[in-house]
Amino acid sequence: FREDWETHPDICENKLEQAYYHYLLNSIHARSEPNRLFLEFIREEIDLVNIKTLLMTKYESVEPTAITSMMLPGGKIPEKTIQRMMNAPDFKQFLEELHNIPEYQTIRDSIVTIEQTNSLSHLIRTLEKNHLTQATKKSYLHPLSILPILDYFIRKRIEVENLRILSRAKEKCLSEKTIRELLVIQ
């Protein structure tokens with residue numbers, strides 16, 4: 001593993017992430033309501049990671065065979081749908097496939113910004129905001145489950161990402177409006 005890490009850290013990182021989620025999914029037994037909610041949350045997290053990976057790779061016209069090794073199994077989105085999105089001939093076709101997934105209807109308005117800015121950052125931030133909003137709603141609906149704790153962890157992770165964005169944006173002297181667009185704020 002050490003030799004692989006030195007020569008192909010990206011492949012090793014993908015394998016570690018896949019092993020992590022595989023172990024996590026196999027360790028959760030949906031026999032009780034709290035475990036079912038936790039499993040659902042993890043599957044939604046996998047979908048978010050996969051959609052972000054697909055967005056970035058399809059935008060850069062990466063071959064489907066290379067994308068396959070980056071995908072995480074176990075999400076809520078059916079495997080056939082993931083395969084269709086992965087095999088879309090171009091980014092525009094991929095976005096059309098993405099529109100067919102009900103959970104991702106909220107990003108429709110943000111897709112226009114890709115052409116305007118030549119960047120996926122706004123769209124990815126919209127996905128993350130949507131994920132945060134959904135996690136918060138579920139944590140309020142199930143206050144005695146693990147979901148409020150997971151919501152807290154998501155908020156802390158986003159807070160760290162926002163601090164990184166803020167420091168880099170200030171360093172590059174970006175306008176306040178641009179900085180606000182880059183931040184994930186609920």
Side-chain angles (χ1 to χ4, degrees), residues 10-91 93-108 110-111 114 120-139 141-142 145-158 161 184 186:
D10 53 333
I11 294 172
C12 291
E13 185 177 345
N14 291 340
K15 287 181 180 179
L16 279 172
E17 192 170 35
Q18 289 167 350
Y20 168 75
Y21 280 108
H22 176 75
Y23 176 75
L24 184 59
L25 287 172
N26 288 334
S27 67
I28 304 168
H29 303 288
R31 294 182 194 127
S32 65
E33 183 66 12
N35 283 1
R36 188 190 64 72
L37 292 170
F38 183 44
L39 185 61
E40 185 178 313
F41 175 84
I42 297 302
R43 293 181 72 208
E44 288 169 0
E45 184 85 16
I46 289 171
D47 285 340
L48 178 67
V49 170
N50 283 341
I51 293 298
K52 285 168 42 176
T53 300
L54 283 168
L55 273 168
M56 291 183 270
T57 54
K58 294 306 284 184
Y59 187 72
E60 295 296 329
S61 303
V62 176
E63 290 296 317
T65 53
I67 299 172
T68 302
S69 67
M70 299 178 209
M71 300 307 292
L72 300 173
K76 291 174 73 175
I77 299 174
E79 188 65 32
K80 287 182 179 180
T81 306
I82 294 285
Q83 287 296 324
R84 275 198 319 271
M85 289 191 293
M86 221 182 330
N87 293 320
D90 58 15
F91 188 68
Q93 185 71 33
F94 161 74
L95 290 176
E96 289 175 19
E97 291 290 340
L98 186 61
H99 280 301
N100 296 331
I101 302 173
E103 294 87 359
Y104 295 96
Q105 296 300 315
T106 57
I107 63 170
R108 277 195 169 169
S110 301
I111 290 176
I114 296 171
L120 294 173
S121 61
H122 185 72
L123 184 61
I124 289 173
R125 298 293 169 253
T126 303
L127 281 170
E128 290 171 349
K129 285 178 187 178
N130 184 47
H131 182 63
L132 174 62
T133 303
Q134 294 302 318
T136 302
K137 283 180 186 176
K138 289 179 181 181
S139 73
L141 291 173
H142 305 282
S145 69
I146 193 169
L147 295 180
I149 297 165
L150 296 174
D151 181 44
Y152 174 80
F153 286 143
I154 290 172
R155 289 175 179 283
K156 287 300 162 188
R157 187 194 69 212
I158 289 174
E161 289 173 7
V184 176
Q186 189 179 17

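The residues of the chain are indexed from 1 along the displayed sequence.
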When rounded to the nearest 0.5 angstrom, what is the spacing between [atom1] in [X] and [atom2] in [Y]?
| X | Y | atom1 | atom2 | value |
| --- | --- | --- | --- | --- |
| L72 | Y20 | CG | OH | 11.0 Å |
| F94 | T57 | CZ | OG1 | 7.0 Å |
| E40 | I28 | CD | CD1 | 11.5 Å |
| E96 | F91 | CD | CZ | 11.5 Å |
| K137 | L147 | NZ | CG | 14.5 Å |
| E97 | I82 | CD | CD1 | 11.0 Å |

Between [X] and [Y], is there a donor-acceptor pair closer than 3.5 Å when you use the side chain of the first and the backbone of the second?
| X | Y | result |
| --- | --- | --- |
| N26 | H22 | yes |
| N50 | M71 | no |
| S69 | T65 | no |
| N87 | Q83 | yes |

At their closest point, which heavy atom of [X] faces which heavy atom of [Y], and how far apart are they?
| X | Y | result |
| --- | --- | --- |
| L24 | S27 | O-OG, 2.8 Å |
| Q18 | M70 | NE2-C, 4.1 Å |
| L120 | M56 | CD1-CA, 3.7 Å |

Given side chains that start at C-beta, do those of [X] and [Y] come closer than 4.5 Å, heavy atoms only?
| X | Y | value |
| --- | --- | --- |
| E13 | L16 | no |
| L55 | L95 | yes |
| L54 | L98 | no |
| E128 | K52 | yes |

Please tabulate, for the side chains in residues 41-49, all donor-acceptor contacts under 3.5 angstrom to protein atoms that are two or more places apart in sequence or on a different chain.
unit_1: R43; atom_1: NE; unit_2: G74; atom_2: O; d: 3.1
unit_1: R43; atom_1: NH2; unit_2: G75; atom_2: O; d: 3.0
unit_1: E44; atom_1: OE1; unit_2: K138; atom_2: NZ; d: 3.0
unit_1: E44; atom_1: OE2; unit_2: K76; atom_2: NZ; d: 3.2
unit_1: E44; atom_1: OE2; unit_2: K138; atom_2: NZ; d: 2.4
unit_1: E45; atom_1: OE1; unit_2: H131; atom_2: NE2; d: 2.9
unit_1: E45; atom_1: OE2; unit_2: R157; atom_2: NH1; d: 3.3
unit_1: D47; atom_1: OD1; unit_2: K76; atom_2: N; d: 3.1
unit_1: D47; atom_1: OD1; unit_2: I77; atom_2: N; d: 3.3
unit_1: D47; atom_1: OD2; unit_2: K76; atom_2: N; d: 2.9
unit_1: D47; atom_1: OD2; unit_2: I77; atom_2: N; d: 3.1

